[in-house]
Amino acid sequence: MSSRQSELENLKADLSTRLARYQAHQNREAGPVAKDFEEQATETQNDEVVDSLEAETRAKLAQIEHALARIEQGVGDECERCGRAIDPCRLQVLPYTTVCVECAED
């Protein structure tokens with residue numbers, strides 16, 4: 001397993017753990033909604049933030065899984081748009097990227 005693949009697997013595990021926490025929050029596993037109106041309003045605002053974080057986490061997980069699939073296919077270092085090699089420095093900073101800098105800017 002390459003160091004990039006290992007890093008992606010670690011990121012995937014971390015994000016999966018985070019996603020489970022978000023889902024536990026949304027499922028009220030810590031208890032029911034407060035009876036006090038002000039507390040309910042605060043919890044509703046918190047729910048909206050958690051919804052946003054959950055969506056962001058799901059999107060990043062999808063990117064990571066896509067990058068891992070490309071690595072397994074042997075094309076993980078190639079831009080999926082133009083086919084050129086992705087700069088190793090870019091892969092170091094964004095290990096889940098699947099496009100080169102030029103294609104990302106388009």
Side-chain angles (χ1 to χ4, degrees):
M1 182 181 292
S2 71
S3 63
R4 179 172 167 230
Q5 193 172 10
S6 177
E7 182 179 356
L8 287 170
E9 289 291 350
N10 288 336
L11 281 170
K12 181 179 174 182
D14 289 345
L15 291 173
S16 294
T17 300
R18 189 181 306 171
L19 187 59
R21 284 195 314 262
Y22 296 151
Q23 290 171 335
H25 173 83
Q26 297 298 63
N27 293 330
R28 303 276 187 236
E29 292 178 13
V33 176
K35 292 183 182 181
D36 179 84
F37 180 74
E38 286 182 30
E39 287 180 31
Q40 285 180 3
T42 300
E43 287 181 19
T44 300
Q45 287 177 331
N46 289 344
D47 289 347
E48 292 170 3
V49 171
V50 172
D51 282 344
S52 176
L53 292 171
E54 183 177 347
E56 184 180 307
T57 300
R58 285 185 187 283
K60 190 166 274 189
L61 267 172
Q63 288 176 322
I64 289 169
E65 289 171 354
H66 182 64
L68 285 168
R70 289 183 50 79
I71 289 170
E72 288 176 18
Q73 296 167 2
V75 293
D77 295 344
E78 298 173 11
C79 177
E80 69 182 348
R81 291 191 188 152
C82 71
R84 292 185 301 229
I86 300 172
D87 186 328
C89 292
R90 178 169 171 76
L91 291 172
Q92 202 169 21
V93 174
L94 296 170
Y96 49 83
T97 192
T98 58
V99 294
C100 66
V101 172
E102 292 80 15
C103 289
E105 292 174 351
D106 288 342

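Residues: numbered from 1 along the sequence shown. FYI, side chains are in, hydrogens and waters are out, and symmetry mates aren't considered; it's all heavy atoms of this structure.
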S.K.: When the side chains of residues 99-106 are checked against the rest of the protein, which donor-acceptor pairs come out under 3.5 Å, sequence neighbours left out?
M.R.:
none

S.K.: How close do L11 and P95 get, counting heavy atoms only, and between which atoms?
M.R.: CD1-CG, 4.0 Å

S.K.: What's the spacing between D87 CG and D77 CG if we round to 0.5 Å?
M.R.: 11.0 Å

S.K.: Flag yes if Y22 and L61 sit in one hydrophobic cluster, no otherwise; membership is Ile, Leu, Val, Met, Phe, Trp, Tyr, and two members link when side-chain heavy atoms are under 4.5 Å apart.
M.R.: no

S.K.: What pairs of donor and acceptor atoms, side-chain ones from residues 62-71 against any protein atom, are under 3.5 angstrom apart with sequence neighbours left out?
M.R.:
unit_1: H66; atom_1: NE2; unit_2: E80; atom_2: OE1; d: 2.7
unit_1: R70; atom_1: NH2; unit_2: V75; atom_2: O; d: 2.9
unit_1: R70; atom_1: NH2; unit_2: E78; atom_2: O; d: 2.6

S.K.: Roughly how far apart are L19 CG and D14 CG, rounded to 0.5 Å?
M.R.: 12.5 Å

S.K.: My understanding is that only residues two or more places apart in sequence, or in another chain, count here; which of them pass side chain to side chain donor-acceptor pair (under 3.5 Å) with T57?
M.R.: none

S.K.: Is any NZ, NE, NH1 or NH2 atom of the basic residue among R58 and E54 found under 4.0 Å from an Asp or Glu carboxylate oxygen of the other?
M.R.: yes

